[in-house]
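Below: the structure, in structure tokens.
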There are 2 protein chains.
Amino acid sequence: MPRSNRRTGADGDDPVNKGTREPWGPTKRLSSSIYEEVRERICLMRYPPGSVLREVELAGEFGVSRTPIRQVLQKLESEGFVEAKNGVGTIVTGFDFLAMRDIYELRLKLAELIGQLSPNPCLDSHCRQMEALLERARRIRAKQDTEEFWRINHERQSIIRALIGNVALRELYDRYYYLTARVWFQVVEAMWDDQVDALCTELNDLLRAMRAGDTQAVAYVERNHLSYYMALIGRYVSGADRSVSAMAKR
Amino acid sequence: MPRSNRRTGADGDDPVNKGTREPWGPTKRLSSSIYEEVRERICLMRYPPGSVLREVELAGEFGVSRTPIRQVLQKLESEGFVEAKNGVGTIVTGFDFLAMRDIYELRLKLAELIGQLSPNPCLDSHCRQMEALLERARRIRAKQDTEEFWRINHERQSIIRALIGNVALRELYDRYYYLTARVWFQVVEAMWDDQVDALCTELNDLLRAMRAGDTQAVAYVERNHLSYYMALIGRYVSGADRSVSAMAKR
DNA sequence: ATTGATATTGCTGTATGCAGCTTACGGAAA
DNA sequence: TTTCCGTAAGCTGCATACAGCAATATCAAT
């Protein structure tokens, strides 16, 4: 009975392979896909801060045992997304506002460094991608498609990442992007129109800088928009509680 | 028989609790101590690049099962110290010189940020610690006590860490310290006297800056010495192979 | 003697059982 | 009605058994 244990769970609605259906190679590290999926759920606030992630539950959903799930959760814990408590569960961290400000301040400086530490040149392909992105961004103003907003931002981040020559800096920039995504995401839902405008402006500025082939300019555009978001979040949060930790739903 | 399984292995020479013997609280996350121990062994080149870390071996040595060991190794892998290959083993990464240069360049910039992102004030206690450190550093010139050198540097790093107000920056600064420690450590063994002199100079400069209560000055001292080390490593490595990956022992 | 396929060994990746910890619920006493 | 305590349930942390993969050794064929 316990043989052929590979994916004995719910195969039909496996959320990892929905749509893409990658070949996965041989056994391409089972947990990495699950990791990205769970991280995205946290960033998109489908798992709001304070909610409990149960290992058996996730294991059943993804059709694997607890072991790869634990791997995922431990990685998420080391990156600061969740916190595992013995006997209780693995709890999605609520973002402390002060910690977020620290991260944003650091991100500002890191953004400046993009143009300083061996930046990669802006290629035409990048420009074309950015153009397509801008087009898509202009189209979502009417209908509040938060998922599409998220995807566009993902790709923007992906393009920027390609311009970062310093490997360490690239990794950092990505990591903090995901770490702060939640806070910013919450703001987006609160003020949709403004955020779409801001996104279009950002993409437009980026496009201009990239067409000029000036990676340093790209870096400063990023810096300035991060600064804008930081101020926005500061104003947004100061009205409500400083900490959104209590936003659990259980 | 399998009951009372808590630490049934080699209790006598448990390398984690040698010396310190912390109370450990209730069951304070078994793997964290093992993590630090293994990381230190990698940094001190007791596990040279290319050497294979076997899970059962480590499990036996620390008196636990493979599960916590795997936890440790996965964390080390995510930080770039090792690389797990299915069917082969977990291999200590050899430091790619280019990657190291990227990290050092980034560290230079991060060091500057120490003084800019809400630095903590230099307290008298810090100065006194630093004085003691300088005293110890002056005493090791005669006998080549590499371990003591390492401990002194650890504590220097610990003091600097306390001056970093930005939580995210503090974490980063620590992480990259350990990540680059190996390269630098190798240089130390090659040119002992010079390195002791450099360390004394660094501690002295730090002490002066701290006595002045100027955290920004501390930051710049750190930056400059990192720059010095970077140039040194560049010169040292350029003579030999650019990559020390092949330095395995199997 | 050399080369090719094959068996064997040892490792990591995964699944699962057990123990301890935490919390919640329910009943008894004040 | 309220408070307190004991018990039960559920979760994570750890141990262990199993399956798959990679490398090496072995043996046969040329």
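Only this structure's heavy atoms are used, side chains among them; waters, hydrogens and symmetry mates stay out. In what follows, chains are A, B, ... by sequence order, proteins preceding strands, each numbered from 1.
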Does [N] have its OP1 or OP2 closer than 4.0 Å to a side-chain nitrogen or oxygen of [X]?
X	N	answer
Q74(B)	dT12(C)	no
T67(B)	dG13(D)	no
R70(A)	dT12(D)	no

Please report the distance, rounded to the nearest Å, between [atom1] in [X] and [atom2] in [N].
X	N	atom1	atom2	result
L76(B)	dT12(C)	CG	P	14 Å
K85(A)	dC21(C)	NZ	P	16 Å
I34(A)	dG13(C)	CD1	C1'	13 Å
I69(B)	dC14(D)	CD1	P	11 Å
E55(A)	dA15(C)	CD	C1'	13 Å
E57(A)	dG10(D)	CD	P	13 Å
L58(B)	dC14(D)	CG	P	16 Å
R54(B)	dA23(D)	CZ	P	15 Å

State which of [options] makes the closest approach to the side chain of [X].
X	options	value
N86(B)	dC11(D), dC14(D), dC21(D)	dC21(D)
Q71(A)	dC14(D), dC11(D), dT14(C)	dT14(C)
S65(A)	dT14(C), dT16(D), dT12(D)	dT14(C)
R66(B)	dA15(D), dT12(C), dC18(C)	dT12(C)

Practice task
For the residue pair W192(A) and F149(A), categorise the inter-ring angle as parallel (less than 30°), tilted (30 to 60°) or perpendicular (more than 60°).
Solution key: tilted
Exercise for the section: Would you classify L53(A) as touching base, sugar-phosphate or nothing, given that sugar-phosphate means primed atoms plus P, OP1 and OP2, and contacts are heavy atoms under 4.0 Å? Expected result: sugar-phosphate
Fill in the blank from the handout: So CG of N153(B) and CD of E148(B): to nearest 0.5 Å the spacing works out to 11.0 Å
Practice task
Step through the shown structure and confirm whether more than 12 heavy atoms of other residues, nucleotides or ligands are within 6.0 Å of CZ on R101(A).
Solution key: no
Exercise for the section: Could you tell me whether R170(B) sits above the aromatic face of Y173(B), with NZ or CZ closer than 6.0 angstrom to the six-membered ring centre and within 45 degrees of the axis? Expected result: no
Handout entry: Polar contact flag, side-chain donor to acceptor under 3.5 angstrom, E79(B)-Y178(B)
Key = no
